[in-house]
Structures are given as C-alpha cells and as structure tokens.
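First the structure, in the form of structure tokens, and then the observations on it.
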Amino acid sequence: MVNLIIIEDTAVSATVVKTDNAVDTSVATTYTFTSKSIGTAATGRRIIVAVGSPANGSSHAAPTVTCGGNSMTLVTSSYVEGTGGGQFCPLALYVLQVDTGTTATIVVTWSGNMANCSVGVWAAYDLTSSTATAVATSTANPGTGSINVSAGGILIGASVIYYTGGVPTFTWTNLTERYDTTVAATSACTGASDAFASAQTSLAVTATPTNFTAASFSMAAFR
C-alpha cells in the first residue's frame, strides 16, 4: 500500500497598487518628495519606487533613495544618452519593506546636479521576498523586454524619455499603464504594473512613446 502525501501551495497571491507619482523640475542634486502616499499599512508591505531624470544632467549612475528616512535597495537600473549628446535618461527601481504608515517622504540623491527628477510609487502586499525574481532593461526604440513572472507574483515597469517636438503619450503592451506624465518641456515618464495569478513565461512588455529622442526602460518581477 502506497501512501501519497499531497502538499498544497498555500501562499497568498501578491497584489500591487500604484499609490503616487510626482515630478520636480528644479535643477538639483537632492530631490525631496514630501508625504507621498504609500498605501494601506500592513505587515510585510513592500514599497517599490521608480526614479528617473529624463533630461540633461551631470549624473548617469543610479541615485541613493530613502523612504521615510530608511535606505531603499536598488533593484535594477538603465541608462542611455541620446545621439545629440547630453540627453541623459537614467532610470532605476528600488524596494523597501515598510510595515507602518500611509505616507512617507521619499528623498532621491544623485551624484551631481540633474535637470529634473520623477518618481512613481507602488505598494505591494503578500510578497514572499523583497528580492526580484527577474529584471529586464532596455534602451531600444521602443522600450521593450521579455520577463518571467512567478504564479501569484507581480510585475512593475517604468520608462523615462527625452523628446523633441510634440508632447508624447505612451502605450503599454501586456502591462497596465498606471501613470503617464510630462516631466518638463523635453522629458516624460510612465509606469505600469499588474499582478498575475498564473505564471508568465517570456512575457513581452513594451512601453511605446509617440515621440522621443532617447529612452530608458526597466521592469522587475517579485513574488
């Protein structure tokens, strides 16, 4: 007689909510975004922030970022310089577990003066880890990537662009757009996210702007 032991996966599927986004068009090294919404407080809540500076600036490296005074962990970053020179588009994603509070001040510090800074903020619930299960970046035209997402996991993507001509808008494929914002006269940003009950293999995601000169694109999956 053979006894079969069935082990069920009882992990709760994760959820993700875009809670805020903001831009600062001043020339600075440090940008302070005060009292940004970080969602409903909960044990194990992860705050994920997309940070970009899609315009002329002196820093190409990913900045340091704090949320509520606590250092966030860099998840992934991308950078491109436009063919015209000086059209820098650094972009990075960060994560931090924040169990309490519904708002927090996010401080972004670059290594040199930037022409502007943008942030997109998400709250993720019921993740099993703050470590991304997969990341993808692109400086292609348009921003695009292929990524695996675990069953019950989430995916967050962002793009920043430098443009000339008409103000662009973005169209996302295979990920739901959550914000689309003009940062300054020649720069724009966008973010998208979804939760996936079933596993996604080589999910192709694109963020297509109607007009741009240089673009950075990053995304990260979590479970």
Side-chain angles (χ1 to χ4, degrees), residues 8-19 21 38-39 42 44-52 54 60-65 67 71-80 89-98 106 108 118-161 170-180 189-209 215-223:
E8 295 183 357
D9 182 1
T10 58
V12 176
S13 291
T15 58
V16 61
V17 180
K18 196 281 286 187
T19 59
N21 64 279
I38 57 171
R45 175 186 58 181
R46 269 76 173 191
I47 305 304
I48 299 155
V49 177
V51 178
H60 311 163
T64 59
V65 180
C67 177
S71 296
M72 303 193 78
T73 299
L74 176 66
V75 178
T76 187
S77 64
S78 58
Y79 160 76
V80 66
C89 288
L91 170 68
L93 300 178
Y94 298 81
V95 66
L96 177 68
Q97 182 172 332
V98 182
I106 296 169
V108 180
S118 66
V119 294
V121 186
W122 286 264
Y125 301 90
D126 296 309
L127 291 179
T128 58
S129 173
S130 293
T131 301
T133 56
V135 298
T137 63
S138 171
T139 56
N141 175 14
T144 187
S146 179
I147 196 167
N148 295 336
V149 186
S150 302
I154 65 167
L155 178 62
I156 292 173
S159 182
V160 294
I161 66 170
F170 292 86
T171 300
W172 284 81
T173 302
N174 291 328
L175 203 60
T176 303
E177 182 181 303
R178 304 301 179 181
Y179 65 91
D180 181 340
C189 62
T190 185
S193 62
D194 276 314
F196 294 88
S198 58
Q200 306 294 310
T201 302
S202 298
L203 180 69
V205 177
T206 59
T208 306
S216 289
F217 172 89
S218 294
M219 58 182 174
F222 296 87
R223 179 64 187 99

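In this chain, residues are counted from 1 in sequence order.
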- side chain to side chain contact (heavy atoms under 4.5 Å, CB included) partner of Leu93, chosen from Leu74, Val65, Val75, Val51: Val75

- Query: Taking all non-hydrogen atoms of both residues, which atom of Gly39 and which atom of Ala123 are closest, and how far apart?
  - Reply: CA-CB, 4.4 Å

- Query: Do Ser202 and Asn148 have side-chain heavy atoms sitting under 4.5 Å apart?
  - Reply: yes

- Positive for side chain to side chain contact (heavy atoms under 4.5 Å, CB included) with Met219, one of Leu203, Val149, Leu155: Leu155

- So, do Pro209 and Pro142 sit near enough that their side-chain heavy atoms are less than 4.5 Å apart? yes

- Listed partners of Ala14 passing side chain to side chain contact (heavy atoms under 4.5 Å, CB included), at least two apart: Leu127, Ile154, Arg223

- Message: For Ala204, is there any backbone N or O sitting under 3.5 Å from a side-chain donor or acceptor partner on Asn174?
- Response: yes

- Item | Residues forming a side chain to side chain contact (heavy atoms under 4.5 Å, CB included) with Val17, sequence neighbours excluded | Thr19

- Does the side chain of Ser218 come under 3.5 Å of the side chain of Thr76 through a donor N or O and an acceptor N or O? no

- Query: Below 4.5 Å, heavy atoms only, C-beta onward: do Ile47 and Val121 meet side chain to side chain?
  - Reply: yes

- Which heavy atom of Thr137 sits nearest a heavy atom of Ser78, and at what distance? CB-CB, 3.9 Å

Listing, residues 189-199 side-chain donor-acceptor contacts under 3.5 Å, not counting sequence neighbours, or none:
from   : atom 1 : to     : atom 2 : distance (Å)
Thr190 : OG1    : Trp172 : NE1    : 3.0
Thr190 : OG1    : Tyr179 : O      : 2.8
Ser193 : OG     : Trp122 : NE1    : 3.0
Ser193 : OG     : Arg178 : NE     : 3.3
Asp194 : OD1    : Thr176 : OG1    : 3.1
Asp194 : OD1    : Arg178 : NH2    : 3.1
Asp194 : OD2    : Thr176 : N      : 2.8
Asp194 : OD2    : Thr176 : OG1    : 3.0

- Applying side chain to side chain contact (heavy atoms under 4.5 Å, CB included) to Ala215 and not counting sequence neighbours gives Ile161, Phe212

- Message: For Ser130, give me all partners under side-chain hydrogen bond (donor to acceptor under 3.5 Å, both in side chains), at least two apart in sequence or on another chain.
- Response: Arg46

- Task: Indicate the atoms forming the closest heavy-atom contact of Gly52 with Val160, along with that distance.
- Result: CA-CG1, 4.0 Å

- Message: Which residues pass the side chain to side chain contact (heavy atoms under 4.5 Å, CB included) test with Thr206, not counting sequence neighbours?
- Response: Thr144, Thr173, Thr208

- Specify the closest pair of heavy atoms between Ala124 and Ile48, including all atoms of both residues, with the distance to one decimal. CB-CD1, 4.1 Å

- Query: Do you know the tightest heavy-atom contact between Tyr94 and Ala62?
  - Reply: OH-CB, 3.6 Å

- Message: Do Val12 and Tyr125 make a side-chain contact, defined as non-hydrogen atoms from C-beta onward lying under 4.5 Å apart?
- Response: no

- Rounded distance [0.5 Å steps], OG in Ser159 versus CG in Leu91: 7.0 Å

- Note on the structure: Minimal heavy-atom distance between Pro90 and Tyr79, with the atoms involved, is N-CD1, 4.0 Å

